[in-house]
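Everything numeric in this text was worked out from a predicted model, so none of it was measured. One-based numbering, in listed order, for ligands and for the atoms of each.
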Amino acid sequence: MYKQIDCYPSNKLFILSSVLFIALMIGGFTYIKEINEIKSHTKSSIENRAKQLQSHIGLLLANSMALKKVYENEYKHFLAHHSDALFEDKDFQYLPQYNLTIFTPKNTESSHGTAQILGPKATSNIQLQVELKTAEALTSVIEVILNEIQSTVAIYYTSKQGFSYRAPQHPIDQFRFNADQYNKPFWRQSIPENNPLNKPVFSLIGDNHEHHRRFGLSNPIIVNGQFLGVISIEMTTNEIDNLLSINQDFADSVLLDNHNKISYSQDYEAIGKTLEPTNGGSLSTWQRTDNGWLYKAPIIPGELYIAHQLTDESIMQEAKANSLLLWSLLMLGVILSLLVMQLFCTAKKNRNLMLVDPLTSLYNRRGFQIISTPIFAHLKRHQSPWALLLIDIDFFKKVNDTHGHIIGDEVLVKVADFIHQSNRGESIVGRWGGEEFLVLLPGTPPQEAMEAAERIRKNIAENLLISNQEHVTVSIGIAPAMADDNFEKTVHNADLALYQAKHQGRNISILYNPTDAKAINQE
Ligand SMILES: Nc1nc2c(ncn2[C@@H]2O[C@H](COP(=O)(O)OP(=O)(O)OP(=O)(O)O)[C@@H](O)[C@H]2O)c(=O)[nH]1
């Protein structure tokens with residue numbers, strides 16, 4: 001039988017694509033699992049930090065409310081009980097270079113605060129004096145708060161009347177009050193036009209320079225329906241920054257107001273921007289945004305939230321990094337499978353090369369014998385007859401001599417093809433020598449073997465031409481055999497018949513006949 005060297009390409013492709021598919025599926029699942037885990041870790045971290053912020057900010061809020069209450073009560077008291085100016089001229093010092101009046105009450109023991117008033121001294125402004133008196137009266141409460149909350153830098157009252165009272169005292173080179181304060185977020189967000197419910201406001205105080213960053217809680221003061229000013233607690237951002245950081249791989253969390261506006265972020269550019277989920281969004285679930293996911297947890301419900309945004313890019317990077325080991329192992333698995341398959345294929349090819357003639361792709365002598373061994377066992381069991389055809393190209397030397405070895409090789413390949421095409425499926429075809437081919441016809445009686453030989457011979461004689469003009473012919477020796485007959489002996493018989501065929505003029509099939517063979521042997 002004609003034998004193609006083959007490594008089962010479809011099988012190999014199937015195995016390879018299956019391994020790749022499984023690797024991709026596992027990799028894909030791990031990747032999705034990693035993304036969910038990142039979201040779940042981030043969520044519990046946010047919930048956790050929301051609680052810590054709740055207690056941190058809750059304390060601030062309680063103190064701010066207490067200050068506001070004290071202020072409002074004291075203000076009412078001083079407003080009702082003053083008869084004249086509450087301070088004397090000597091309590092005020094006008095600094096013309098800054099156009100500021102400094103107020104540091106000398107008589108009050110507890111005072112650690114200082115007021116800065118826009119413009120020249122203001123002893124004649126009773127409203128301002130009442131507010132100054134009230135602010136000054138806050139100093140002892142302020143001291144308690146400053147001691148209680150370590151991160152507090154200062155507490156101050158900013159009046160609509162154009163002054164600020166601040167405790168503890170800050171030298172004028174550290175803090176200089178000016179009209180710009182009324183443009184700062186803490187003021188703009190606190191005034192009734194922008195804050196009709198008079199809620200405490202969380203905002204950024206100070207400027208954008210890193211070492212001046214301050215986080216503030218401001219509370220508007222309203223007495224008898226009249227807005228007087230704002231009391232602010234100003235603190236360092238360290239504590240809040242720590243609570244807003246997850247880890248360096250992800251952006252930090254931010255504080256949002258109830259309109260999803262960023263009221264505090266370590267990224268100052270982001271303050272005032274809106275973080276809106278694309279589909280409305282609710283609390284305690286991850287919401288889709290334009291470029292990632294947003295999780296929001298309440299610190300003060302209805303007022304202040306902690307929110308965290310995971311960009312698709314950061315999740316992908318982290319998930320990739322986390323599933324890298326698994327991916328590497330999977331890829332290693334794929335590469336190993338490829339190598340094993342390659343080795344298997346190479347071994348198979350090598351084995352084939354040992355059994356197959358590289359020129360004609362027919363079995364060589366060794367291959368023919370190995371492949372036919374089980375067939376002979378089968379023939380023996382079934383007591384079937386069989387036959388050998390020994391086919392030899394006529395005058396092949398002349399072909400080589402006339403046309404060269406390359407054409408000679410092509411003729412060999414074509415003869416092999418013709419023999420293969422003319423045979424039934426169960427027959428075995430091999431290249432027995434230089435220009436000799438052997439065909440095993442299992443279960444074939446002599447007459448049928450003769451017919452098979454003639455089919456081959458005629459097919460070649462009629463159809464195989466060199467350069468479209470010179471016919472190639474073959475001579476065939478046919479050796480019939482019984483089930484138990486010896487292979488080598490039968491090959492020998494076929495050889496004798498072939499010799500006879502050559503003797504009789506070539507392009508002929510001769511069935512082995514012991515008598516004729518004897519005669520030839522005696523010649
Ligand atoms: N091109 C080519 N020639 C081969 C190959 N193997 C053997 N031969 C040639 O086959 C020729 C066989 O020649 P001979 O044994 O004299 O037989 P012949 O010329 O075919 O004459 P008859 O068999 O008597 O008809 C030799 O010239 C070998 O060199 C091969 O693989 N390729």
Side-chain angles (χ1 to χ4, degrees), residues 1-5 349-350 352-371 387-423 428-440 449-450 452-479 488 490-513 516-523:
M1 197 170 84
Y2 200 61
K3 183 74 188 165
Q4 278 293 353
I5 301 176
K349 273 186 179 164
N350 284 344
N352 274 339
L353 281 178
M354 281 162 61
L355 304 181
V356 173
D357 168 47
L359 180 67
T360 59
S361 294
L362 294 179
Y363 289 117
N364 59 21
R365 223 173 238 252
R366 192 175 138 80
F368 189 97
Q369 280 166 338
I370 289 174
I371 295 295
L388 286 179
L389 310 181
L390 189 59
I391 304 168
D392 187 284
I393 304 173
D394 297 331
F395 303 119
F396 190 57
K397 185 175 179 314
K398 211 173 116 200
V399 172
N400 273 331
D401 292 348
T402 318
H403 302 282
H405 265 70
I406 293 175
I407 298 292
D409 282 357
E410 279 175 18
V411 170
L412 278 168
V413 172
K414 280 186 183 152
V415 168
D417 283 344
F418 273 107
I419 299 172
H420 172 64
Q421 283 162 19
S422 315
N423 266 283
I428 305 290
V429 183
R431 186 176 175 195
W432 200 245
E435 26 59 287
E436 268 186 354
F437 302 90
L438 191 65
V439 181
L440 166 65
M450 184 64 182
E454 277 298 279
R455 249 194 332 269
I456 295 170
R457 188 189 63 76
K458 283 183 186 157
N459 199 3
I460 292 173
E462 283 162 19
N463 300 307
L464 182 49
L465 288 141
I466 301 172
S467 308
N468 278 335
Q469 46 187 348
E470 202 177 308
H471 281 272
V472 175
T473 61
V474 295
S475 301
I476 305 178
I478 306 149
E488 280 75 22
T490 312
V491 172
H492 180 68
N493 291 346
D495 201 27
L496 288 175
L498 175 64
Y499 182 78
Q500 208 181 331
K502 294 276 180 188
H503 201 66
Q504 290 188 17
R506 298 175 176 81
N507 191 18
I508 188 170
S509 304
I510 298 286
L511 188 65
Y512 169 74
N513 177 328
D516 296 345
K518 212 173 184 179
I520 289 168
N521 266 343
Q522 282 166 2
E523 267 181 22

Review point. With hydrogens left out, which residues have an atom under 4.0 Å from ligand 1, given that only heavy atoms count?
Key: D392, I393, D394, F395, F396, K397, N400, H405, G408, D409, L412, R431, G434, E435, K502, R506

Practice item. Sequence neighbours left out, what passes ring pair (Phe, Tyr, Trp, His ring centres under 6.0 Å) with F368? Give chain and number order. Key: W432

Practice item. Mind checking side-chain hydrogen bond (donor to acceptor under 3.5 Å, both in side chains) for T473 and listing every partner two or more places apart, or none if nothing turns up? Key: D394

Point to revise | Those residues that, when tested against D495, pass side-chain hydrogen bond (donor to acceptor under 3.5 Å, both in side chains) (two or more places apart) | key: none

Exercise for review: Side-chain contact test, heavy atoms from C-beta onward, threshold under 4.5 Å: evaluate it for V411 versus H403 and give yes or no.
Suggested key: no

Point to revise | Neighbour count >12 (heavy atoms, 6.0 Å) for atom CZ, R366 | key: no

Practice item. State, with a plain yes or no, whether a side-chain heavy atom of L440 is found less than 4.5 Å away from one of L388. Key: yes

